Amino acid sequence: MLDNKVIVITGGAGLLGKNFCHAVAAQGGVAIVADVNLPAAQEVAAKIAAEYPGRAEAVVLDITDKASIDALIETLHARYGRIDAVVNNAYPRNPNYGRKFEDVDYADFCENLNLHLGGYFLVAQRFSRYFVAHGGGNIVNMASIYGCIAPRFDIYKDTAMTNPVEYAAIKSGILHISRYLAQYLKGKGVRVNCLSPGGILDRQPEPFLDAYKAYCNEKGMLDPQDICSTLVFLLSDATRYITGQNLIVDDGFTL
Ligand SMILES: NC(=O)c1ccc[n+]([C@@H]2O[C@H](COP(=O)([O-])OP(=O)(O)OC[C@H]3O[C@@H](n4cnc5c(N)ncnc54)[C@H](O)[C@@H]3O)[C@@H](O)[C@H]2O)c1
């Protein structure tokens, strides 16, 4: 579905990112594993390239640094002569991220918004500039069910977990900036969509998993692989006429 498309996945060494990169290579694309953690990105790329030679490359990228994004675009254009898509998927946060509402400092609130929402803005701005100048492109922004609905705080009962207020601001912001950008770029050959996963399994405590599953259709929390086919769909020409949309993959949690 992605024959020879050059696709940049930011945060490509992370939980979802490495599975996305693998799926891109499996569908015939070239996965650019772009991460601030270069050794981790190299490990991911090496594993993928062992299975799909020439279909994965690791590069260092800081999504909060304009020069880093521009350098990546320049390097990739020089090497491949094209970039087809970027997936805004990195997950930057500061060490105080994840506190309960009452405990969030103003400075931390601002910093986490700057890193994540600001970083996604910067990647979208720099790549859309490149795409407009080079005949088009495709931007997929990772949002979340928590950009779509208010958290169901009852599922965190009896756990140390919460749903950070910054996440609500960041993900709802990403959803709306994506619509803004899709509208802004109309007629320029660039489409912009969001993918909003439900919770992803990552060794969470049992009481939380059970409470979460009670809101779902069948499985509850999902595996990273459960999200990949929708990403591939959004990156492929099958969705050529879809722009400004948000696809939710959450086993019915938000219903
Ligand atoms: N895991 C979930 O349950 C879940 C659910 C819904 C949405 N999402 C979204 O999916 C995306 C990926 O989440 P994840 O769980 O795979 O995250 P993760 O923490 O497993 O991985 C994030 C990756 O981003 C990289 N990164 C951090 N700061 C960076 C920066 N400044 N520049 C470049 N790379 C940077 C990290 O090194 C890491 O490899 C995020 O947008 C997240 O909000 C995740």
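Just so it is clear, the structure is predicted and the values come from calculations on it, not from any experiment. Order of listing sets the numbers, starting from 1, for every ligand and every atom in it.
Contacts with ligand 1 closer than 4.0 Å are made by no heavy atom of Lys18, backbone or side chain. Neither the backbone nor the side chain of Asn88 comes within contact range of ligand 1; no heavy atom lies under 4.0 Å. Contacts between Ala143 and ligand 1, counted as non-hydrogen atom pairs separated by less than 4.0 Å, involve the backbone only. Contacts with ligand 1 closer than 4.0 Å are made by side-chain heavy atoms of Tyr120 only, the backbone lying farther away. Contact annotation for Tyr167 and ligand 1: only side-chain heavy atoms (C-beta onward) come within less than 4.0 Å of the ligand.
Ligand 1 is approached by Pro197 to a heavy-atom distance shorter than 4.0 Å. Using 4.0 Å as the threshold, Ser68 has no heavy atom nearer than that to any atom of ligand 1.
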Pair up each side-chain donor or acceptor in residues 127-144 with any protein partner under 3.5 Å, not counting sequence neighbours, and list the distances.
from	atom 1	to	atom 2	distance (Å)
Ser128	OG	Ala124	O	2.7
Ser128	OG	Gln125	O	3.2
Tyr130	OH	His77	ND1	2.6
Tyr130	OH	Ile83	N	3.4
His134	ND1	Tyr130	O	2.9
Asn138	ND2	Leu234	O	3.0
Asn141	OD1	Asn88	ND2	3.0
Asn141	ND2	Ser178	OG	2.9
Ser144	OG	Tyr146	N	2.9

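Using cut-offs of 30° and 60° on the angle between ring planes, the pair His116 and Tyr120 is tilted.
Shortest non-hydrogen contact noted between Gly173 and Leu117 is C-CD1, 3.8 Å. Heavy-atom minimum distance, Val44 versus Ala13: CG2-CA, 3.9 Å.
Residue Arg93 has at least one nitrogen or oxygen atom sitting less than 3.5 Å from a nitrogen or oxygen atom of ligand 1, judged on distance alone. The shortest N/O to N/O separation between Leu16 and ligand 1 falls below 3.5 Å.
Interface of Ala13 with ligand 1, defined as ligand atoms under 4.0 Å from a residue heavy atom, comprises 39 (O). The ligand atoms of ligand 1 that sit less than 4.0 angstrom from a heavy atom of Pro92 are 27 (C), 28 (N). Of all atoms in ligand 1, numbered sequentially from 1 with element shown, those under 4.0 Å from a heavy atom of Gly11 are 23 (C), 24 (O), 25 (C).
A salt bridge links Lys5 with Asp237: the closest approach of a Lys/Arg side-chain nitrogen to an acidic carboxylate oxygen falls below 4.0 angstrom. A salt bridge links Asp84 with Arg82: at least one charged nitrogen is closer than 4.0 Å to a carboxylate oxygen. Salt-bridge check for Asp251 with Lys213: failed, with every basic side-chain N at 4.0 Å or more from each acidic carboxylate O.
Among Asp62, Leu115, Val36, the residue whose heavy atom lies nearest to atom 31 (N) of ligand 1 is Asp62. Evaluated by nearest non-hydrogen atom to atom 3 (O) of ligand 1, the leading choice among Leu38, Asn89, Ile145, Ile200 is Ile200. Residue nearest to atom 38 (C) of ligand 1, selected from Val123, Leu15, Asp35: Asp35 (by heavy-atom distance). In the candidate list Thr10, Leu195, Ile63, Ile63 is nearest to atom 32 (N) of ligand 1, counting heavy atoms.
Here the protein heavy atom with the shortest distance to atom 13 (O) of ligand 1 is Tyr91 CD1, 3.7 Å. What sits closest to atom 33 (C) of ligand 1 on the protein, heavy atoms only, is Leu61 O, 3.1 Å. Among all protein heavy atoms, the one lying closest to atom 5 (C) of ligand 1 is Gly198 O, 3.4 Å. Distance from atom 21 (O) of ligand 1 to its nearest protein heavy atom, with residue and atom name: Gly14 CA, 3.3 Å.
Considering only residues two or more places apart in sequence or on other chains, Arg55 meets the salt bridge (Lys or Arg N to Asp or Glu O under 4.0 Å) condition with none of them.
Tyr97 and Tyr91 form a side-chain donor-acceptor contact under 3.5 Å, judged by distance and modelled atom types alone. For the residue pair Asn94/Glu111, the side-chain donor-acceptor check at 3.5 Å is satisfied.
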What do the steps show when you test Asp108 against Arg93 for salt bridge (Lys or Arg N to Asp or Glu O under 4.0 Å), and what is the final call?
-> CA-CA 9 Å; Asp108 289 322; Arg93 57 267 212 205; over 6 Å; no
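Leu38 is not connected to Ile9 by any chain of hydrophobic side-chain contacts under 4.5 Å among Ile, Leu, Val, Met, Phe, Trp and Tyr, and they are in different clusters.
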